[in-house]
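Below is a structure I'd like to ask you about.
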Amino acid sequence: MQQEKVALVTGGTRGIGLGIALQLAEAGFTLAISGRRSPQQVQPALDEIRKHSERSIYVQADVSSAADRLWLLADVGDQLGRLDVLVNNAGIAPRVRADMLDAGEESFDEIISTNLRGPYFLTQSVAAWMIRQRAKDPSAQRSIINISSVSATVASVNRGDYCISKAGIAMATKLWAVRLAEHGIAVYEVRPGIIETDMTAGVKGKYDALIESGILLQKRWGTPEDIGTAVSMLARGQLPYATGAVLVLDGGLTMARL
């Protein structure tokens, strides 16, 4: 009998994270989703996921907290017993978009703690767990998938802290891909562009105008489902021989053209 596969999606209760979680649930994964909101607040999202994956769970945890990261993995282990895929999706935007000449250290520290330090050290702990699992089940496919942003390479001077955090995730993907290859753990980066979520709701008018003016080759907003489709493919091992790969899902936004 084939064992169920378990995937942990941080920030998996809304936006891109929920899109990823739903696609993985439909693909047959049991989901652990985490976030900072209370269980009551995320119950509708969990109910939706459980339509496809009844044993899926929610763990309230802030990835920027070392204690919460330990609790998160302990709870996943206690309730689901294993972990095959980690999706580092949790991330925040600056509370205020501030020019680099004026931006303060408080925002920088908050962004880096959540978007870079948290995923980096969560990956460290998960990798150790996956290596232990491999000793018992060497044939199982395991992977770590980092959700970054086109901001890893596209400079936005009014949110420099966010750009730096995503550039760090891009390098962390390379580093972990190199380090974990000997253990059979694939590491990938998925780099979304302009995606329609609650995080981008405040700048919808700006991006509607840019899309209409031709900033994208594919003239529409990206969706959480677009990102979920790519992550599901990676999690299911449908892109073999490609550890360290970067999937840019931006409708052509960053393609060089004349």
Side-chain angles (χ1 to χ4, degrees), residues 7 9-27 29 31 33 35 44-45 48-49 52 85-94 97 111 114-116 119 143-156 158-159 161-170 172-173 187-236 238-239 242 244-257:
V9 182
T10 65
T13 66
R14 57 186 175 190
I16 288 175
L18 180 56
I20 292 168
L22 287 170
Q23 292 285 343
L24 290 175
E26 290 181 15
F29 284 84
L31 270 293
I33 55 173
E48 193 173 355
I49 292 167
H52 308 284
V85 177
L86 167 64
V87 183
N88 280 312
N89 168 77
I92 58 174
R97 293 191 176 209
I111 295 291
T114 299
N115 293 6
L116 180 55
S143 59
I144 295 168
I145 303 166
N146 291 327
I147 309 302
S148 67
S149 166
V150 292
S151 294
T153 59
V154 177
S156 298
N158 64 347
R159 53 191 187 118
D161 42 15
Y162 182 81
C163 294
I164 289 170
S165 73
K166 294 303 182 179
I169 286 293
T173 301
V187 185
Y188 307 100
E189 178 192 350
V190 174
R191 193 176 290 176
I194 302 170
I195 309 299
E196 193 165 17
T197 68
D198 54 352
M199 186 181 286
T200 55
V203 290
K204 188 175 188 306
K206 171 187 174 180
Y207 284 115
D208 280 345
L210 288 171
I211 292 169
E212 185 60 32
S213 68
I215 195 172
L216 305 180
L217 297 178
Q218 293 175 282
K219 204 171 180 178
R220 67 168 176 85
W221 281 81
T223 67
E225 291 74 22
D226 292 329
I227 311 306
T229 297
V231 171
S232 177
M233 175 188 68
L234 295 172
R236 289 181 287 115
Q238 298 301 301
L239 193 67
V246 181
L247 272 62
V248 181
L249 306 180
D250 68 355
L253 172 65
T254 57
M255 182 178 292
R257 57 193 192 266

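Along the sequence shown, residues carry numbers from 1. Atoms considered below: every heavy atom in the structure, side chains included; atoms not considered: hydrogens, waters and symmetry mates. What you see is a predicted model; the values in this text were computed from it and never measured.
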Can you name the one residue among V9, N88, I20 that meets side-chain contact (heavy atoms from CB on, under 4.5 Å) with I147? I20

Measuring from L22:CG to H52:NE2, what's the distance to the nearest 0.5 Å? 6.0 Å

Donor-acceptor contact present, side-chain R159 to main-chain S151, <3.5 Å: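 No, because the side chain of R159 does not come within donor-acceptor range (under 3.5 Å) of the backbone of S151.
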
Which heavy atom of G12 sits nearest to which heavy atom of A21, and what is that distance? O-CB, 4.0 Å

Determine whether a donor-acceptor pair (N or O, by modelled atom type, separation under 3.5 Å) exists between the side chain of T10 and the backbone of N89. yes

Looking at G193 and D250, what are the two nearest heavy atoms and their distance?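 Smallest interatomic distance, heavy atoms only, reads CA-CB, 3.7 Å.
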
Does any N or O in the side chain of T200 come within less than 3.5 Å of the main-chain N or O of I195, such that one atom is a donor and the other an acceptor?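 Such a contact is found between T200 side chain and I195 backbone.
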
Nearest 0.5 Å, please: how far is CZ in R191 from OG1 in T153? 5.0 Å

Q23 versus S232, closest heavy-atom pair with distance: O-OG, 4.0 Å

Would you call V248 and L253 a side-chain contact if the rule is heavy atoms closer than 4.5 Å?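 With C-beta onward as the side chain, the pair stays apart.
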
Applying side chain to side chain contact (heavy atoms under 4.5 Å, CB included), run through Y188 and L247 and close with a yes or a no. CA-CA 8 Å; Y188 307 100; L247 272 62; 5.5 Å; no

Compare all side-chain heavy atoms of D226 with those of R220 and state whether any distance is below 4.5 angstrom. yes

Rounded distance [0.5 Å steps], CD1 in I16 versus CD in E196: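 Between I16 CD1 and E196 CD, I get 11.5 Å after rounding to 0.5 Å.
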
Which atoms form the tightest heavy-atom contact between A235 and L24, and what is the distance? CB-CD2, 3.6 Å

Ignoring hydrogens, what is the shortest heavy-atom contact between A93 and Y162? Give both atom names and the distance. CA-CD1, 4.2 Å

Are the side chains of I227 and L249 in touch, meaning some heavy atoms are under 4.5 Å apart? yes

Shortest non-hydrogen contact between L234 and V190, atoms and distance: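 The pair with the smallest heavy-atom distance is CD1-CG2, 3.7 Å.
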
Separation between CG of D208 and OG of S213, rounded to the nearest 0.5 Å: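 D208 atom CG to S213 atom OG measures 11.0 Å (nearest 0.5 Å).
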
Inter-residue atom distance N146.CG - E189.CD, 0.5 Å rounding: 7.0 Å

Separation of T197 OG1 from I194 CD1 (nearest 0.5 Å):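 Here the rounded value is 11.5 Å.
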
